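Scroll down for the structure; my scribbles are underneath it.
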Amino acid sequence: MSKPPTIDRIAEYQGKRVVIRGWLYNKRHSGKIWFLLIRDGTGIIQGTVSKKDVDEETFEICSRVTMESSLQIEGVVRRDERAPGGYEIQIERIEIVQIAREYPIAKKEHGVGFLMAHRHLWLRSKKQVAIARIRAEVVRSIRDFFDRNGFLLVDAPILTPTSVEGTTTLFPVEYFDRKVYLTQSGQLYNEAAAAAFGRVYCFGPTFRAEKSKTRRHLTEFWMVEPEVAFIDLDGLIELAEELIVSIVTRVLEERRRELEILERDLTHLEKVKRPLPRISYDEAVKLVQQQNPDFKWSDDFGGRDMTIISEQFDLPFTIHHFPVSTKAFYMKVDRKRAELSESFDCYAPEGYGEIIGGGMREDDYDRLLKRIEEEGLPKGVYDWYLDLRRYGSFPHGGFGLGLERTVAWICGIHHLRETIAFPRLIDHVSP
RNA sequence: UCCCCGGUAGCUCAAUCGGCAGAGCGGGUGGCUGUUAACCACUAGGUUGCAGGUUCAAGUCCUGCCCGGGGAGCCA
């Protein structure tokens, strides 16, 4: 398929006549010369229209055309230091597709509420385009990483009969004459797939009906979840670290321009190489207790505690061996210290918080059954899950990486809502 | 679910002690042959979130409601 000229590759067309289809990003004029800034989704380029070079109608179109009008321009690409980006198009012909009505989003600052209400238009702005491209690059690098390392993509169902972890709130869905739920994790299914294929991963949307109202939460978000047979906790953490390094390296290689548009400080990202720091829950508790004496062993880290810990690191870091009481029923109990689980979380630096949660899965039938009973979970729905421990049980584990949190950290974006095209929040489902 | 902050022009905000509702941007008109969120001049634009109350007088004070933002818990 031959590609038409696009603005990101405009340098290849220097001295040549091109046709660009797109939208008017901005315009300026100075008497007898117009500067039209045109965007086509791949970039923005300045077009010049001189009164002496074009017919009267073309020149007149410039004064009529409004911001975000759709149009087609034809002209010759020239190198010019005065143009933003170093190239411009000397326009000879303009064809209007549609004159846009007064565009709601101005070139000045806007409040978040207003922008969220106009998310469908906000997506056109420079920063939002850059974030979307980085997100796509992160997705691509994740898929490449697993595909290269012998993992099979086995996607888990979206509609599930019950909770994976029993605790978190689920979105109910009418399913013919019964009720099912939107998935909150593909993990249990991944474990079945791991027994069939060895190394697997799923990558799709997940849903949490938690009434969280913070910049770190969406009700609908994307998660990649690998699950590996015959691995141990060390191997699992190593896999998580390699994944993080691989994502960051790829974005630095392929999306440097977008990171610059976002004014991301690259020194933080360029340091992301193995070995990455790891500390045990025991050690983390000691750190926290220095500044928060009320913190008890077996507590989960709150926002303030997490800040205390993360100030110690300027790289992504791992905390491992959490108390059994803080983790889900399926986490494997440490055979040497029964109060600990073989679990770990990875945190992004710079205050971005948890991006990965995972661990080894309980592979002993009796222990798992006991945990299900202890948690008061309905035993019937886990029959098939227990089967995995009846028929060739095997040491295995996995983790989930939150896509939006990872993208927010890499982009240096404050709020998760900008890392997905159409975010779903507790009080926001439109557009 | 709880705590905090806010709602004034299309947008972002100002309005002193309760005393004539304003600016910038955006829109419109005109000017300028190299602009960079261009600039300059003129111009139009208001149920001050809603309902009630206090007062000679309410954007401002009081009560209730609605909407938005930020944070906590929980988590990726």
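Scope of the values below: all heavy atoms of this structure, side chains included, with no hydrogens, waters or symmetry mates. Model, not experiment: these values are computed from the prediction. Residue numbers begin at 1 in each chain, while the letters A, B, ... track the order of the sequences.
Rounded to a whole angstrom, the distance from the C1' atom of B:rG46 to that of B:rG10 is 12 Å. Comparing B:rC5 with B:rA9, their P atoms sit 23 Å apart, to the nearest whole Å. Rounded to a whole angstrom, the distance from the P atom of B:rU43 to that of B:rG24 is 12 Å. Nucleotides B:rU29 and B:rU48, compared at atom P, are 30 Å apart to the nearest Å. Only the P atoms considered, B:rU16 is 15 Å distant from B:rG6, to the nearest whole Å. B:rA23 and B:rC32: their C1' atoms are spaced 26 Å apart (whole Å). The C1' atoms of B:rA57 and B:rG18 are separated by 8 Å, rounded to the nearest whole Å. Taking atom C1' in both B:rU47 and B:rA21, one finds a spacing of 14 Å when rounded to whole Å.
Rounded to an integer number of Å, the gap from A:Lys32 NZ to B:rC39 P is 21 Å. In this structure, the NE2 atom of A:His414 is 8 Å from the C1' atom of B:rG70, given to the nearest Å. One can place CZ of A:Phe301 at 16 Å from C1' of B:rG73, the figure rounded to the nearest angstrom. Separating the CG atom of A:Leu416 from the P atom of B:rG70 is a distance of 12 Å, rounded to the nearest angstrom. Between A:Trp222 atom CH2 and B:rC75 atom P the separation is 24 Å, expressed in whole Å. Atom CE of A:Met67 and atom C1' of B:rC11 are 12 Å apart (whole Å). One interatomic measurement links the two molecules: CZ of A:Phe114 to C1' of B:rC25, which rounds to 12 Å at whole-angstrom precision. Distance CG (A:Asp299) to P (B:rC74): 9 Å, rounded to an integer number of Å.
For A:Arg417 and B:rG70, the shortest distance from a side-chain N or O to OP1 or OP2 is below 4.0 Å. Between B:rU33 and A:Lys51, no contact under 4.0 Å exists linking OP1 or OP2 to a side-chain N or O. Contact check, A:Arg208 against B:rC74: no side-chain N or O comes under 4.0 Å of OP1 or OP2. For B:rG30, the OP1/OP2 oxygens have no side-chain nitrogen or oxygen of A:His29 closer than 4.0 Å.
Of the candidates B:rG26, B:rA76, B:rU35, B:rG26 carries the atom nearest the A:Glu102 side chain, counting heavy atoms from C-beta on. The A:Glu210 side chain lies nearest to B:rC75 when the options are B:rU33, B:rC75, B:rG71. Minimum atom distance to the side chain of A:Glu354 is reached by B:rA76, of the listed B:rG34, B:rA72, B:rA76. Here B:rU1 is the nucleotide among B:rG26, B:rU35, B:rU1 with the atom lying nearest to any side-chain atom of A:Lys211. Distance from the side chain of A:Asp80 is smallest to B:rG34 among B:rA76, B:rG73, B:rG34.
Between A:Glu362 and A:Arg371 there is no salt bridge, since no side-chain nitrogen of the basic residue lies less than 4.0 Å from a carboxylate oxygen of the acidic one. Between A:Lys126 and A:Glu258, none of the side-chain N atoms (NZ, or NE/NH1/NH2) sits under 4.0 Å from a carboxylate O, so this pair counts as no salt bridge. Ion pair A:Asp8/A:Arg257 not flagged as a salt bridge, since none of the NZ, NE, NH1 or NH2 atoms sits closer than 4.0 Å to an Asp/Glu carboxylate oxygen. Ion pairing between A:Lys370 and A:Glu373 fails under the 4.0 Å rule for side-chain N and carboxylate O. Taking a cutoff of 4.0 Å between a charged side-chain nitrogen and a carboxylate oxygen, A:Glu227 and A:Arg199 do not qualify as a salt bridge. A:Lys327 has no carboxylate O lying under 4.0 Å from a charged side-chain N of A:Asp300, or vice versa, which leaves the two without a salt bridge.
One can find a donor-acceptor pair under 3.5 Å joining the base of B:rC75 and the side-chain atoms of A:His217. A donor-acceptor contact under 3.5 Å is not formed by the side chain of A:Arg28 with the base of B:rC32. Counting atom types as modelled, A:Glu88 pairs a side-chain N or O with a base atom of B:rG34 as donor and acceptor under 3.5 Å.
Contacts of A:Ser50 with the nucleic acid, taken as non-hydrogen atoms under 4.0 Å apart, are absent. Among the atoms of the strands shown, none is found under 4.0 Å from any heavy atom of A:His428. Heavy atoms of A:Gly353 sit nowhere under 4.0 angstrom from any nucleic acid atom. Using a 4.0 Å heavy-atom cutoff across all strands shown, A:Gln46 reaches at least one base atom of the nucleic acid. Looking at heavy-atom distances under 4.0 Å, A:Asp300 makes contact with sugar-phosphate atoms alone, never a base. Using a 4.0 Å heavy-atom criterion, one finds that A:Pro84 contacts the bases of the nucleic acid, with or without backbone contacts as well. Counting non-hydrogen atoms under 4.0 angstrom, A:Leu401 reaches nothing in the nucleic acid.
With A:Lys51 contributing its side chain and A:Phe59 its backbone, the two residues share no donor-acceptor pair below 3.5 Å.
Mapping A:Arg82 and A:Leu218 onto RNA chain B by nearest heavy atom places A:Arg82 closer to the 5' end of the strand. Residues A:Tyr103 and A:Gly400 each lie close to RNA chain B; by heavy-atom proximity, the contact nearer the 5' end of the strand is made by A:Tyr103.
Screening A:Val18, A:Ile20, A:Val76, A:Ile89 against A:Tyr13 for a side chain to side chain contact (heavy atoms under 4.5 Å, CB included) leaves a single residue, A:Val18.
A donor and an acceptor atom, one from each side chain of A:Trp23 and A:Asp40, are nowhere located under 3.5 Å apart.
Cation-pi geometry between A:Arg39 and A:Tyr25 is not met: the NZ or CZ atom fails to fall both under 6.0 Å from the ring centre and inside 45° of the normal.
For A:Lys271, the NZ atom is densely surrounded, since the number of other residues' heavy atoms within 6.0 Å is greater than 12.
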How does RNA chain B look in dot-bracket notation if pairs are Watson-Crick or G-U with both distances under 3.5 Å, crossing ones as [ ], other-strand ones as |? (((((((..((((.....[..)))).(((((.......))))).....(((((..]....))))))))))))....
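Ring stacking holds between A:Phe221 and B:rA76, with the centres under 5.5 Å apart and the planes within 30 degrees of each other.
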